[in-house]
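Each remark here refers to the structure printed beneath this line.
What you see is a predicted model; the values in this text were computed from it and never measured. Below, read A as the first sequence line, B as the second, and so on, with proteins coming before strands; counting in each chain starts at 1.
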Amino acid sequence: MVPRKTHFTSEVTPELHGKEVVLAGWVWEVRDLGKVKFVILRDREGFVQLTFKSGRTPEELLSKVPYLNKEDVIVVRGVVEASRVAKTGVEVFPLEMWVLAKAKPLPVDLWGGTSDLPTRLKYRPVDLKSPRNLAIFTTASEILRAIREVLYKHKFVEVFTPKIIATSTEGGAELFAVLYFERVAYLAQSPQLYKEQLTASLERVFEIAPAYRAEKHNTDYHLNEFISIDGEGAFMDYSDVMDLLEEIMRAVVSAINAKRERLEKLGIRPPLYDVGRIPRVSYDEAIDKLKSLGYDVKWGDDLNVEMQRALTKFYGPLYFLVDFPASLRPFYTKRKDDDPKRTESYDLVLNGIEIVSGATRIHQREVLEKEMRERGLDPSAFESHLSVFDWGMPPHAGFGMGFNRLLMALLGLSNVREAVLYPRDRYRLEP
RNA sequence: GCCCCGGUAGUAUAGCCCGGACUAGUAUGCGGGCCUGUCGAGCCCGUGACCCGGGUUCAAAUCCCGGCCGGGGCGCCA
């Protein structure tokens, strides 16, 4: 009988000296010096050194070591020993070992990290064994937890909205068509309309779910399927939402700081160390600043990545851009009461990349219809959505956060594909 | 939608411009051997590759055409 794993490698500390443990994981490396043999065992949390020594380790066990290959799955029962010789200060002397699975030579280089991204993505399940990926995705999970905790604290309810939808009339991004029995349906590009509707019942909602965009883009920060963190709150405006986002960013950065040592050892350098008050820069001011830097922009133009990056000179790596011209924003964005050319809207920009976007929304049907018409949309196509506004729609505001971009920017990764387990891009539908 | 670039052992690369000694080099992995404290272990021996199809040529990894696969930039992306 193979015993159950009792400890993760990260839990094997010098304080356990003399204790018996059962470890389970993958053979990272075998260093066979003849009468002493070392096996480095890897699991999700890290590494631990197993020491096999002639005279101390049973001979039968010692003789098994040379047959181990990298990535074989093993379970080891052994005794922990605090050690001056072992670099981590602790090692395990095995008493028994079970080889649960053998591994052939891998198609990706987990050890030297020489494999390029296409090769790694082609064999993604294997690539995910690399210490770097384990650090990225365990951190991603902690970030998600931190975000959820802030939202729950502020009485947001986690919801799920349909990803298969009927309409393609929302405008904007192209939708993927799917067969829905005898009809054509589409994959949702955003939960926008649903989450707004839900503020009329659940008041504050958030959703963490995939979104789909059928755009044939070909860059290192676009995906055709990505995780969107969407939030919407009744009786809130965009300032309230920015306050909330500030708190979220603080929580997220402290989650990263808790992992910083492990990340940096693997060459990942998260650029943010702390988050104070995030500057709220008006669109007008940004335009002026950019003009002063010599950029050819005029009021009404959208800012590109280069310009957003240039603004970090003035405002640091993390800032809000607020009060965009209405022409740059979707139909449901509320205009400023005292300044109808501008809207109660914002983007949160990190290292030049837009990671969150949001606004106060329009909650009056007539106003919404007017905005639709101005953008060439036909209100009658939105009747089921608009009717909700007839039956008690509260004022509301919200945000949409691209989780993979957030992760990429927070960890300083050079390609979004590194921030997704199984990326879907223009040419990649597998694995 | 437009433009540019690439494909050599399991992995990462050299060679390609300027065709011939390329029997395709190197590192790592893998197989074997030596070594009682390695931690990028070391040393010795072995193993393994020119994406596919067509063309030019006495001769193609190398030049040309097509295909397939992949990468990047722009545009698009409420």
Side-chain angles (χ1 to χ4, degrees), chain A residues 28-41 47-57 62 65-71 81 83-91 93 102-123 126-127 130 168-175 188-193 196 211-224 226 302 304-306 324 326-333 343 345 347 354 357-359 361-362 371-372 374-377 382 400 402 405 414-415 417 425-430:
Chain A
W28 177 253
E29 197 171 2
V30 179
R31 288 195 274 270
D32 184 350
L33 317 218
K35 294 217 169 80
V36 206
K37 302 174 200 299
F38 303 96
V39 173
I40 310 301
L41 177 78
F47 302 92
V48 77
Q49 173 162 282
L50 309 175
T51 305
F52 301 73
K53 208 168 184 172
S54 184
R56 169 160 187 179
T57 307
L62 204 64
V65 174
Y67 295 100
L68 291 175
N69 289 92
K70 293 182 175 212
E71 288 309 303
E81 210 158 281
S83 158
R84 279 164 287 112
V85 218
K87 276 204 169 161
T88 50
V90 67
E91 58 191 334
F93 285 82
K102 295 293 292 174
K104 294 177 184 167
L106 267 51
V108 289
D109 177 11
L110 263 32
W111 301 272
T114 59
S115 304
D116 55 18
L117 192 57
T119 305
R120 288 171 43 204
L121 293 177
K122 182 173 176 187
Y123 301 102
V126 180
D127 180 49
S130 76
S168 68
T169 51
E170 268 182 57
E174 292 289 318
L175 300 176
Q189 54 164 302
S190 151
Q192 183 63 33
L193 270 27
E196 285 194 56
Y212 302 89
R213 307 242 163 129
E215 302 288 344
K216 295 177 179 177
H217 31 51
N218 212 219
T219 75
D220 54 16
Y221 55 97
H222 284 283
L223 292 165
N224 295 290
F226 64 94
D302 216 344
N304 61 30
V305 175
E306 192 194 334
F324 284 88
S327 59
L328 291 177
R329 293 273 138 167
F331 67 83
Y332 45 76
T333 310
T343 54
S345 60
D347 278 359
E354 166 199 330
S357 177
R361 326 292 188 183
I362 295 165
E371 295 289 348
M372 282 178 176
E374 273 183 27
R375 287 171 176 75
L377 296 168
F382 292 84
R405 276 193 190 179
S414 56
N415 195 312
R417 280 168 265 236
D425 61 32
R426 175 74 177 91
Y427 298 106
R428 206 179 319 267
L429 195 49
E430 286 183 301

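Atom pair A:Leu328:CG and B:C77:C1' shows a separation of 14 Å (rounding to whole Å applied). Between A:Asp347 atom CG and B:A78 atom C1' the separation is 12 Å, expressed in whole Å. Counting to the nearest Å, the P atom of B:G73 and the OH atom of A:Tyr221 are 8 Å from each other. The nearest whole Å value for the distance from the CD atom in A:Glu215 to the P atom in B:C76 is 10 Å. The NE2 atom of A:His217 sits 8 Å away from the C1' atom of B:C76 (whole-angstrom rounding). The nearest whole Å value for the distance from the CG atom in A:Leu117 to the C1' atom in B:U11 is 15 Å. Going from atom CG of A:Leu106 over to atom C1' of B:A12 covers 15 Å, rounded to whole Å. Rounded to whole Å, the distance from CD on A:Glu374 to P on B:A78 is 19 Å.
Place A:Lys37 and A:Pro66 on RNA chain B by their nearest nucleotides, and A:Pro66 ends up nearer the 5' end.
Pairing partner, B:U36: none, since no Watson-Crick or wobble contact has both distances short of 3.5 Å. With both pairing distances under 3.5 Å, B:A21 is matched to nothing as a Watson-Crick or G-U wobble pair. With both pairing distances under 3.5 Å, B:C74 is matched to B:G1 as a Watson-Crick or G-U wobble pair. Applying the Watson-Crick and G-U wobble criteria (two distances, each under 3.5 Å), B:A41 pairs with nothing in any strand. With a cut-off of 3.5 Å on both pairing distances, the Watson-Crick or G-U wobble partner of B:G66 is B:C52. When both distances must be under 3.5 Å, the Watson-Crick or G-U wobble mate of B:U47 is B:G29.
Residues passing the side-chain contact (heavy atoms from CB on, under 4.5 Å) test with A:Arg56 are A:Lys53, A:Glu81, A:Phe93, sequence neighbours excluded. A:Phe324 meets the ring pair (Phe, Tyr, Trp, His ring centres under 6.0 Å) test with A:Tyr283; sequence neighbours excluded. The ring pair (Phe, Tyr, Trp, His ring centres under 6.0 Å) search around A:Phe47 returns A:Trp28, not counting sequence neighbours. For A:Glu354, the side-chain contact (heavy atoms from CB on, under 4.5 Å) partners two or more places apart in sequence, or in a different chain, are A:Gln308, A:Asp347, A:Ser357. Under the side chain to side chain donor-acceptor pair (under 3.5 Å) criterion, A:Arg31 pairs with A:Glu29, not counting sequence neighbours. For A:Ser83, the side chain to side chain donor-acceptor pair (under 3.5 Å) criterion is met by A:Glu91, not counting sequence neighbours. In this structure A:Pro118 satisfies the side-chain contact (heavy atoms from CB on, under 4.5 Å) test together with A:Asp116, sequence neighbours excluded.
The separation of B:G55 from B:U62, taken at their C1' atoms, amounts to 15 Å, rounded to a whole angstrom. Taking atom P in both B:C39 and B:G20, the straight-line distance is 43 Å, to the nearest Å. Only the P atoms considered, B:C30 is 46 Å distant from B:C3, to the nearest whole Å. Going from the C1' atom of B:G25 to that of B:G66 covers 32 Å, rounded to whole Å. Separation of the C1' atoms belonging to B:G1 and B:C63 is 32 Å when rounded to the nearest angstrom. Nucleotides B:C58 and B:G53 have their P atoms positioned 23 Å apart, rounded to a whole Å. Between B:C18 and B:C65, the two P atoms lie 14 Å apart (nearest whole Å). Using C1' as the reference atom, B:G46 and B:U28 are 16 Å apart when rounded to the nearest Å.
Side-chain contact between A:Trp111 and A:Leu106: present, with at least one pair of heavy atoms (C-beta onward) separated by less than 4.5 Å. Two residues are said to be in side-chain contact when any heavy atoms from C-beta on lie closer than 4.5 Å; A:Arg329 and A:Glu371 fail this criterion.
Between the side chain of A:His222 and the base of B:C77, a donor-acceptor pair under 3.5 Å is found. In terms of polar N and O atoms assigned as donor or acceptor, the side chain of A:Thr119 never comes within less than 3.5 Å of the base of B:A12 in a complementary pairing.
Listed candidates were B:U36, B:G70, B:G10. Nearest to the side chain of A:Pro107 is B:G10. Checked against B:G75, B:U11, B:G70, the side chain of A:Tyr427 finds its nearest nucleotide in B:G70. Minimum atom distance to the side chain of A:Asp109 is reached by B:U11, of the listed B:C30, B:U36, B:U11.
Taking side-chain N and O atoms only, A:Asn304 has no distance below 4.0 Å to OP1 or OP2 of B:G75. The side chain of A:Arg417 contributes an N or O atom lying less than 4.0 Å from OP1 or OP2 of B:G72. In terms of phosphate contacts, A:Asn69 brings a side-chain nitrogen or oxygen within less than 4.0 Å of OP1 or OP2 of B:G31.
The number of heavy atoms from other shown groups lying within 6.0 Å of NZ (A:Lys35) does not exceed 12.
Ring centers of A:Phe382 and A:Phe331: under 6.0 Å apart, within the cut-off.
A donor-acceptor pair under 3.5 Å is absent between the side-chain atoms of A:Arg120 and the main chain of A:Val108, judged by distance alone.
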Seminar exercise, completed: Reading nucleotides 37-51 of chain B from 5' to 3' and marking B where a protein heavy atom lies under 4.0 Å of the base, S where only the sugar-phosphate is that close, and - otherwise, the string is BBBSB----------
Seminar exercise, completed: Nucleotide by nucleotide, nucleotides 4-9 of chain B touches protein heavy atoms under 4.0 Å in the pattern (B base, S sugar-phosphate only, - none) ------
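Residue contacts shown for A:Ser54 include a base, since a base heavy atom lies under 4.0 Å away.
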